[in-house]
Amino acid sequence: MSVGGRHILLGICGSIAAYKSAHLTRLLVKAGAHVQVVMTPDATQFITPLTLATLSGNPVLVDYFAAKSGEWNNHVQLALDADAILIAPASANTLAKFANGLCDNLLCAVYLSAKSPVFLAPAMDLDMWAHDSTRSNISRLQSYGNHIIPPGNGELASGLSGEGRLAEPEEIFATLQVYFGEGLPLAGKKALVSAGPTHESIDPVRYIGNHSTGKMGYAIANQLLRLGADVTLVSGPSGLTPPERATFIPVTSAAEMLEACRSHFPMADITVMSAAVADYTPKVTADQKIKKTESHLTLELVKTTDILATLGKAKRNDQILVGFALETQDEVANAVDKLHRKNLDFIVLNSMRDAGAGFASDSNKVTIIDKNDDKEVFELKSKGEVAKDICSRVIRLLNR
Ligand code: CTP
């Protein structure tokens with residue numbers, strides 16, 4: 001993930017610091033971001049829309065509609081299109097409006113419609129910044145989940161000196177870089193994770209499933225995201241909330257999971273298959289509910305395609321492929337066999353024999369076995385901590 005390719009909605013308020021927005025726009029555009037500038041009417045007194053339109057390469061929006069053409073600037077769509085909304089400079093007046101949900105101009109309406117993270121870079125005179133009203137507005141805005149990029153300390157336009165000057169454009173840009181994962185160990189890496197059980201339909205109301213909850217896979221997806229990777233999570237029915245920043249692909253059956261994984265695998269630098277995929281599926285799925293007319297019912301099952309082995313065959317040298325093994329006997333020997341048979345970089349073995357490990361539990365006890373058959377045995381840990389161990393091993397392999 002990086003700022004490049006992102007849609008950044010840059011809101012500019014009426015403040016002398018608005019001149020710095022030109023430089024900020026330039027930094028964003030140079031990094032490959034798509035910048036849409038929305039100005040408050042007062043901001044246009046400080047810097048011309050023409051300057052920002054030229055630098056951003058996009059028309060600058062100020063009003064709800066263009067008076068001449070009658071064209072409507074759809075605030076809801078503008079908010080939806082943005083990967084991040086950045087208000088720089090954010091004036092005391094606009095912060096107060098945001099804190100209270102006022103929307104008497106286009107920028108305020110975009111803010112109220114925001115679905116993406118909002119970054120606020122305040123700029124004002126030191127006494128305005130220190131005022132109790134501003135302090136309380138800032139705390140309120142933070143409590144709503146907005147990110148505040150604190151103002152710097154120094155010379156102000158009023159001639160006074162103190163806290164209130166807009167953070168430097170480089171600093172504001174760096175905040176977005178960190179948010180989008182640049183500088184993190186897995187920045188720029190694409191990861192594919194499978195999680196959860198699969199459900200194989202017997203008839204319209206019944207299926208064959210297993211007890212997997214998806215907790216381990218979701219913990220891995222979350223950890224990869226934290227480390228800066230761009231994550232695609234392919235999940236069977238789990239009931240868990242997908243990580244906000246992951247591309248989420250819900251699937252039901254092993255066949256659907258195979259298709260989703262197969263199509264995303266070529267793009268993935270890191271693939272971790274933690275799903276508990278059904279090994280067998282009904283040969284036929286009845287169109288209608290099966291009635292209990294007979295004393296015995298025999299279901300014919302056929303083998304599903306092994307997703308991990310399929311990916312292992314297609315794997316390039318620059319890709320890392322990690323699998324899981326859930327064993328009840330001859331754990332290590334079985335896991336080593338799977339590791340080599342499926343062409344993995346390492347395998348995570350969890351034994352059903354360990355108390356507190358396996359399906360549904362919040363903890364897990366694993367052994368990581370690598371291509372040289374070297375084993376690292378871990379203690380019983382939370383699934384979040386196990387995800388950290390797995391991701392550390394991935395980072396070690398990437399850096400070798
Ligand atoms: N797996 C898969 N597709 C399948 C079956 C398994 O991708 N159809 C993956 C799992 O996600 C896991 C690994 O293979 O990463 C091992 O799964 P496991 O159920 O332990 O082993 P199997 O390969 O199914 O072998 P067996 O049933 O013989 O233990």
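Counting starts at 1 for both ligands and their atoms, following the listed order. Only heavy atoms go into these numbers, but all of them, side chains included; no hydrogens, no water, no symmetry mates. A quick note: this is a predicted structure, and the numbers were derived from the prediction, not measured.
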Query - Residue list, salt bridge (charged side-chain N to carboxylate O under 4.0 Å, His left out) with K371, at least two apart or on another chain - result: D345
Report task. Check the surroundings of atom OH in Y19: do more than 12 heavy atoms from other residues, nucleotides or ligands lie under 6.0 Å from it? Result -> no
Just list the N/O pairs, ligand 1 to protein, that are under 3.5 Å apart, with the distance for each.
residue	atom	partner	partner atom	Å
ligand 1	3 (N)	I307	N	2.9
ligand 1	7 (O)	L308	N	2.8
ligand 1	8 (N)	T305	O	3.2
ligand 1	11 (O)	M273	O	3.4
ligand 1	11 (O)	A275	O	2.7
ligand 1	14 (O)	K342	NZ	3.0
ligand 1	15 (O)	M273	O	2.7
ligand 1	15 (O)	F324	N	2.8
ligand 1	15 (O)	F324	O	3.3
ligand 1	20 (O)	L326	N	3.1
ligand 1	20 (O)	K338	NZ	2.8
ligand 1	21 (O)	K338	NZ	2.8
ligand 1	23 (O)	K342	NZ	2.4
ligand 1	24 (O)	D279	OD1	3.0
ligand 1	24 (O)	D279	OD2	3.3
ligand 1	27 (O)	D279	OD2	3.1
ligand 1	29 (O)	K338	NZ	2.9

**Report entry** Donor-acceptor contact below 3.5 Å, side chain E256 vs main chain T198
**Finding:** no
Report summary line: Sorted by chain and residue number, the ring pair (Phe, Tyr, Trp, His ring centres under 6.0 Å) partners of H264 (sequence neighbours excluded) come out as none
Query raised in the report: What pairs of residues pass the ring pair (Phe, Tyr, Trp, His ring centres under 6.0 Å) test when at least one of them lies in residues 91-126, not counting sequence neighbours?
Result: F98-Y111, F119-H147, F119-Y179
Report task. Over all heavy atoms of both residues, which pair between A84 and F180 is shortest? Give the atoms and the distance, please. Result -> CB-CZ, 4.0 Å
